[in-house]
Protein chains: 2
Amino acid sequence: MPTGRAPEPTVLRLSIYLRCLRQVHAEGLDTISSAGIQERTGITAGQVRKDLSYFGEFGKPGLGYAVEPLLTRLSHIMQLDRPRKVVIVGAGNLGAALAGYQGLRSSIFSLVAAFDNNLSKIGRPLWDVEIKDVRELPRITQEQGVEIGIITTPAEAAQGVAELMAQGGIRSILNFSPTRIVSPQGTTIRNVDLMKELEVICFYLPKP
Amino acid sequence: MPTGRAPEPTVLRLSIYLRCLRQVHAEGLDTISSAGIQERTGITAGQVRKDLSYFGEFGKPGLGYAVEPLLTRLSHIMQLDRPRKVVIVGAGNLGAALAGYQGLRSSIFSLVAAFDNNLSKIGRPLWDVEIKDVRELPRITQEQGVEIGIITTPAEAAQGVAELMAQGGIRSILNFSPTRIVSPQGTTIRNVDLMKELEVICFYLPKP
DNA sequence: TAGATTGTTAATCGATTAACAATC
DNA sequence: TAGATTGTTAATCGATTAACAATC
């Protein structure tokens with residue numbers, strides 16, 4: 001029986017299970033055991049069962065988990081069962097690369113606009129969307145019901161953009177700028193810091 | 001006195017301290033307390049002291065930490081005190097965006113080549129480097145003493161690329177492809193999974 | 001010196017692992 | 001049924017926080 005809240009590491013793993021299950025499903029299997037998930041993800045079978053148990057009882061002793069129902073349940077738990085609108089702010093190289101992702105044109109996510117503050121970019125197309133003036137962000141996201149914002153601006157602009165996003169009704173932000181953002185009231189932020197990752201792998205370089 | 005090994009979360013924070021110290025140094029301060037670091041990073045003062053204590057005693061009671069010496073010491077601990085050569089494999093949108101990063105043309109990192117397996121890309125320039133045939137990777141990285149590899153290929157190619165990198169003497173890999181790589185013997189891999197991050201923020205969207 | 005701040009120890013908190021009774 | 005595998009409990013492990021004596 002699901003007791004309190006699931007720990008964050010569990011949530012991260014949930015998305016790994018989801019990817020694993022999609023693949024297993026595509027392969028046509030309709031059942032998988034926690035041991036099978038371990039084999040494919042490297043996450044131990046006990047951990048898998050523990051993680052899932054935060055959300056309910058999905059398996060049958062002796063049989064394992066029915067792939068498709070579990071996929072459906074986990075998608076629902078992760079709130080990936082209805083389309084989410086996304087905007088990207090910062091139409092530089094990284095913003096453009098992310099805007100091109102097929103994953104942002106899927107049944108789960110749809111990219112509705114990109115924004116920049118650079119006049120020479122505003123009005124131009126970026127893949128299949130238009131680059132808009134960032135000052136229009138709150139209005140546009142409000143009108144369209146955008147729920148997710150991706151920040152790919154330089155560090156200096158990030159905090160201001162986060163606040164515009166909050167104004168525009170966005171509640172979840174993925175921040176790629178190399179700076180700490182103070183979460184506007186009511187928003188969740190996840191940070192992806194590419195230079196930090198690069199520095200961290202240096203630490204793990206073999207010591208001379 | 002530094003006892004055993006530092007936990008991984010500590011290493012991640014080290015790179016945050018480093019960024020903070022660089023900024024503080026640029027502002028011309030020459031001393032900072034753990035409380036000052038807390039103010040700028042959000043990491044509690046006690047945590048800061050604990051983290052640093054895994055590596056030595058860097059502060060003076062009553063005074064705090066001398067910024068420049070600490071910067072030097074931490075850079076050394078993180079192995080960021082001499083230049084590291086980097087290659088990128090996968091010259092798609094993301095690879096191109098990362099290859100354009102100024103941080104890869106710094107005193108810490110230098111990008112020496114990009115690789116792809118697509119004949120129409122091989123031989124073309126990508127920013128200031130040339131796109132080479134991925135089959136040449138082991139030879140080139142070996143010759144040039146490349147230590148870090150960045151993978152921005154599709155999932156299917158990632159494992160093979162990691163093995164080529166290992167052959168070429170690369171010991172640390174940053175993997176952006178959405179798949180689990182089994183580390184070749186002697187290599188460390190860090191994974192950055194953009195679609196996963198996007199899925200995870202959906203979990204934290206306000207529940208209806 | 002007195003005030004400030006470190007480094008470290010002990011207490012707490014949280015997550016992972018091991019193990020097994022329940023059950024398909 | 002017998003074998004397999006779940007969900008869960010208890011034990012372990014590891015990281016964070018609180019607190020304070022040492023000391024600049």
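Order of the sequence lines fixes the chain letters, A, B, ..., with proteins taken first and strands second; residue numbering starts at 1 for each chain. Excluded from the calculations below are hydrogen atoms, water molecules and symmetry mates; all remaining heavy atoms, backbone and side chain alike, are included. Since the structure is predicted, the reported quantities are computational estimates derived from the model, not experimental observations.
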- line: For C:dT12, the nucleotide meeting Watson-Crick or G-U wobble distances (both under 3.5 Å) is D:dA15

query: Counting side-chain heavy atoms from CB outward, which of D:dT9, D:dT17, C:dA15 is closest to A:K50?
result: D:dT9

- prompt: Is A:T10 touching bases, backbone alone, or none of the nucleic acid, heavy atoms closer than 4.0 Å?
  reply: nothing

field: Between D:dT16 (P) and B:L12 (CG): distance, integer Å
entry: 10 Å

- request: Indicate yes or no: does A:R73 engage A:E68 in a salt bridge with an N to O separation below 4.0 Å.
  value: no

message: From C-beta outward on A:P61, which listed nucleotide comes closest to its side chain: C:dT5, C:dC24, D:dG7?
response: C:dC24

task: May I ask you to evaluate whether A:S34 reaches the phosphate of D:dT5, defined as a side-chain N or O under 4.0 Å from OP1 or OP2?
output: no

- request: Could you tell me the separation between the CG atom of B:L52 and the P atom of D:dA15, rounded to a whole number of Å?
  value: 16 Å

D:dA21 pairs with, by Watson-Crick or G-U criteria that keep both distances under 3.5 Å: C:dT6

statement: Atom CD of B:E57 and atom C1' of C:dT6 are separated, to the nearest Å, by 9 Å

- line: note: B:I37, atom CD1; C:dG7, atom P; distance rounded to Å ~ 10 Å

- line: One should read off an interatomic distance between B:I43 CD1 and B:S34 OG, to the nearest 0.5 angstrom, of 12.0 Å

message: Nearest to the side chain of B:R13, heavy atoms from C-beta on, is which of D:dT16, C:dT16, C:dT8?
response: D:dT16

- request: Of all the heavy-atom pairs spanning B:R49 and B:Y65, show the shortest one and how long it is.
  value: CG-OH, 3.6 Å

message: Check this one for me: any side-chain N or O of B:R49 less than 4.0 Å away from OP1 or OP2 of C:dT6?
response: yes

- request: Rounded to the nearest angstrom, tell me the gap between atom CZ in A:F58 and atom P in C:dT23.
  value: 19 Å

- line: Between CG of A:L70 and C1' of D:dG7 the distance, given in whole Å, is 14 Å

- prompt: To the nearest Å, how far apart are B:K60 NZ and C:dA4 P?
  reply: 19 Å

query: Counting any heavy atom closer than 4.0 Å, what does B:G46 reach on the DNA or RNA strands: base, sugar-phosphate only, or nothing?
result: nothing

- prompt: Does A:Y54 make a side-chain N or O approach to OP1 or OP2 of C:dT16 shorter than 4.0 Å?
  reply: no

message: Check A:K85 with A:E143, please: is the shortest side-chain N to carboxylate O separation under 4.0 Å?
response: no

field: Side chain B:T141, main chain B:L137, donor-acceptor under 3.5 Å
entry: yes

query: A:D51 CG to D:dT8 C1': how many Å, rounded?
result: 14 Å

- request: Output yes when B:E136 and B:R139 qualify as a salt bridge under the 4.0 Å nitrogen-oxygen rule, no when they do not.
  value: yes

query: With nearest nucleotides of DNA chain C determined for A:T44 and A:G62 from heavy-atom distances, which residue corresponds to the more 5′ nucleotide?
result: A:T44

message: Nearest to the A:Y65 side chain among C:dG7, D:dT8, D:dT6, which nucleotide is it?
response: D:dT6

query: Hey, is the side chain of A:Q47 poking within less than 4.0 Å of OP1 or OP2 on C:dA15, counting only N and O atoms?
result: no

